[in-house]
Visitor: 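Below: one structure in structure tokens.
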Amino acid sequence: MCEVGQNKVVLTPIGNFDIPVEAEVISPDVFAGKSLNEIRELKVLQGPQKHKLSEFFEVSGEAGKTPTETTIVIEGDVDRVKLIGYKMSGGKIVINGNAGMHVGDEMSGGEILVSGDAGSWTGMDMKGGTIVIEGNAKDHIGCTYRGKWRGMSGGMIHIKGDAGNNVGGGITGGSIVIDGNVGAFCGIKQNGGLTVVRGDAKRAVGAEMSAGTIVVEGHIEWFTPGFELVDEVDGLEINGMSFEGTFLKFRGDYAEKSNPKGELYVSKEKNPEL
Amino acid sequence: MGDIIIKNGYVFDPINNINGEVMDIFIKDGKVVEEYDGKDAKVIDARGKTVMPGGVDSHSHVAGAKVNRGRIMRPEDHYQWVRSKTDIAHSGTGYTVPSVYLQGYEYATMGYTTVFEAAMPPLEARHTHEEMKATPIVDMGAYLVFGNNWFIMRYLREGDIEKAAAYVSWMLRAHKAYGIKCVNPAGVESWGWAKNVHSLDEPNIHFEITPCEIIRGLAEVNELLGLPISLHLHANNLGHPGCWEITRESLKIPSDLEPQMKIEGEQDFEKRTQTVYLAHAQFNAFGGTSWRDFESGAKGIVDYVNSADHVVIDNGAVPFGPATVMTGDGPAIFDLYKLVGGKWSNSDIELECGAGVLTFTYLKSNPVHSVQWAIGLELILMIKDMWKCILTTDHPNGGPFVKYPSLIAWLMSEKARNDTLETCHKWASEKSEIATIDRELDLYDVAIITRANPAKTIGIAYRKGHLGVGADGDVTIYDIDPTTLDSSNYTEIEKKFRIAEYTIKEGEIVAHKGEITSAPTGRIFYTESKVNEEIERDVLADVREWFKYYTLGFENYPVDERYLRRPTPIKVNMEG
Ligand SMILES: [Zn+2]
């Protein structure tokens, strides 16, 4: 399926991934300029034990000289591998399968493409670059770490399926687009950036948000009480994305601040009760 | 406990007036001894290196309910600051509020071997001891919080200083505590009713007692009992513009008292000279009248400290960056929370005190924070006699203790300060005197403010803070050659103080270049004092009677020695 060639390293999962493996070394920034043997020797953690990357992956191909010149292709499911693409600044990671938790944490540039589903915390605190997930994603997509209030500041996350709870928690910049449905607390503590839900949302959309924009094209099951209707608009144009139909524009969350700047656009047609 | 000989190092031991002399230090069975042949002793060649007594932190928050509340509130403080498990050391996490294991290792790596928890609420004593018990390597102790205690307020209101002293004596024994801490005297009690007190003569709610009466009373009790440490005072109005003035007035209150230390079996040692030890002076040295005309009030404090012989301060400096603000001064934390937001916690400790916790970040771009950074440094650089000051961050209030090396660098290097002044808000230079100070501390000064004086001030210099015969074999070797030390190369100074070449505890190497090499169990120091038996009996009758207001039984109140590791009582006032 994937050609082994220049500037491309192929990782084929072979190991016993019983206890999740923490593999922040799988990043163009780490692989760039290294020989295949050096890459095989890189250390990953499984529980408290350190192992060589080669105990879990067959490694082939050739890394580029710089991160931007390096592509990493993972041929298979890595649901139980965490932190792939951690802090990457450039280059590309292609996962032909499902990804585990914390894909693309704190990345600042480059691309991550996942053909299957993604785990929780995808793109946590990312600063730049792009993550595209063809399937569904779990909770805390583009959300900041527990206890933190300021997270993702740039870049783009695109989930083509559904996502779970707490999408975009604490984002201050960048954009997240979910083509499917989301769970609860989408855009919680958002204070900048853009969160788009093309499908339906459960509850507490934009709770505690103080700035930034959320667009929900589908139905919100339980609307957040701290928002006030300020306008009604036909068609939207935000960050180069256009949205058709009539939207109710709300401001909030007044439960969080007396003068909040959060904007929440909700499809009028899909939410007749509002 | 080990035998070790440290050869050829440049020794800085201010208590014994040793200023960079090349000397050998001999340790046998964990104690400093006269020269011996040392055939079985380990020998470290410290040629070209700096040798100091192990660091002593006389004011830190590392154990107990509020510290743990900080840990619980701050998962984000933990996930990026980690230490892995080794064969002899536990894993640990946390930057401003590290886990118990980690804080022991971090102190040891930095060359500190003794750490005192500066605010233990009596009701939280068991919890505090449990955490201290789990903290590896360092010797510890804790000051017991009294400034808003119902029994103390009642006795002092009645003018019964003897009963107040008997109560303190019993409490220190019951809770295995080391000394008296007084936080926002009279104010915290009013905070239970959402109020505070704002002047030294303002009586509080219900007890109708003033801060002045409490400070005076506790200082008298302290000297009546002959405790090792003087009163440790967190003055009123903390953290408010203009608070330097009430702080100075508070310091005057015990000026006529004589320091009394009646430690059994210890005669000839460097005794404390102060009757009041001001905590985290930086937070009590705010000038101006509002945040708009905010400025440093350090000069007012410094002028008084320079003219008085009964005061020692620790600076409670702000090194910029993340902090977790935690104090028994609940109203001060609430006011700060209203100002900056963030995650806030508040608690009341029945009959005794309270506490507040808040997440915080000091920013170079913030005008007030920049002035706070300057105040912290002014409070050492402008004090003439280094034996009147101690370096702290009031960990983790001004910043974590792992930032002490940055503070040492700023104090030792004018260039370090000037470079920071260029990158922080201009208020730092405009609203303080920091930009005009060219003083640079030397290694001898640093040894005073990080080990010798903390030990002297808390009355433990018979065994800590120096390297004379009989002292504990706690030694730090820094990879610093005093003959080639260049103060303008301050990043190097910071690096060298951050990771000691060797930290030796009771003759055993506990840390080497950042690695933990052994993790012995430290001691817990506490004070056992004696008072007139009849008065103590009367006081205990009062305590039992008033115990009906507590939600626990009297029998469950005291903490017994099983909760302590290597319990080390210090007997004082044994004539009663
Ligand atoms: Zn403190």
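Proteins come first, then strands; the chains are lettered A, B, ... in the order of their sequence lines, and each starts at number 1. If you're wondering where the values come from, they're calculated on a predicted model, not measured in any experiment.
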Visitor: For Glu106(A), is it the side chain, the backbone, both, or neither that has a heavy atom closer than 4.5 Å to a heavy atom of chain B?
Guide: side chain

Visitor: Above 12 or not: heavy atoms from other molecules or residues under 6.0 Å from NZ of Lys43(A)?
Guide: yes

Visitor: Give me the contact list for residues 63-78 of chain B versus chain A, heavy atoms only, anything under 4.5 Å, ordered by residue number.
Guide: Pro75(B), Glu76(B)

Visitor: If the condition is side-chain contact (heavy atoms from CB on, under 4.5 Å), which residues does Arg565(B) pass it with, not counting sequence neighbours?
Guide: Lys133(B), Thr135(B), Met140(B), Thr521(B), Ile524(B)

Visitor: For the NZ atom on Lys202(A), are there more than 12 heavy atoms of other groups (residues, nucleotides or ligands in this structure) within a distance under 6.0 Å?
Guide: no

Visitor: Between NZ of Lys148(A) and OG1 of Thr359(B), what distance do you get to the nearest 0.5 Å?
Guide: 12.5 Å

Visitor: Looking at Lys127(A), I want to see if its NZ is surrounded by more than 12 non-hydrogen atoms of other residues, nucleotides or ligands under 6.0 Å.
Guide: yes

Visitor: Please check this pair: side chain of Lys343(B) against backbone of Gly147(A), looking for a donor-acceptor N/O pair closer than 3.5 Å.
Guide: yes

Visitor: When rounded to the nearest 0.5 angstrom, what is the spacing between OH in Tyr79(B) and CG in Asp105(A)?
Guide: 7.5 Å

Visitor: Count the heavy atoms belonging to other residues, nucleotides or ligands that lie under 6.0 Å from NZ of Lys364(B), then report whether that count exceeds 12.
Guide: yes

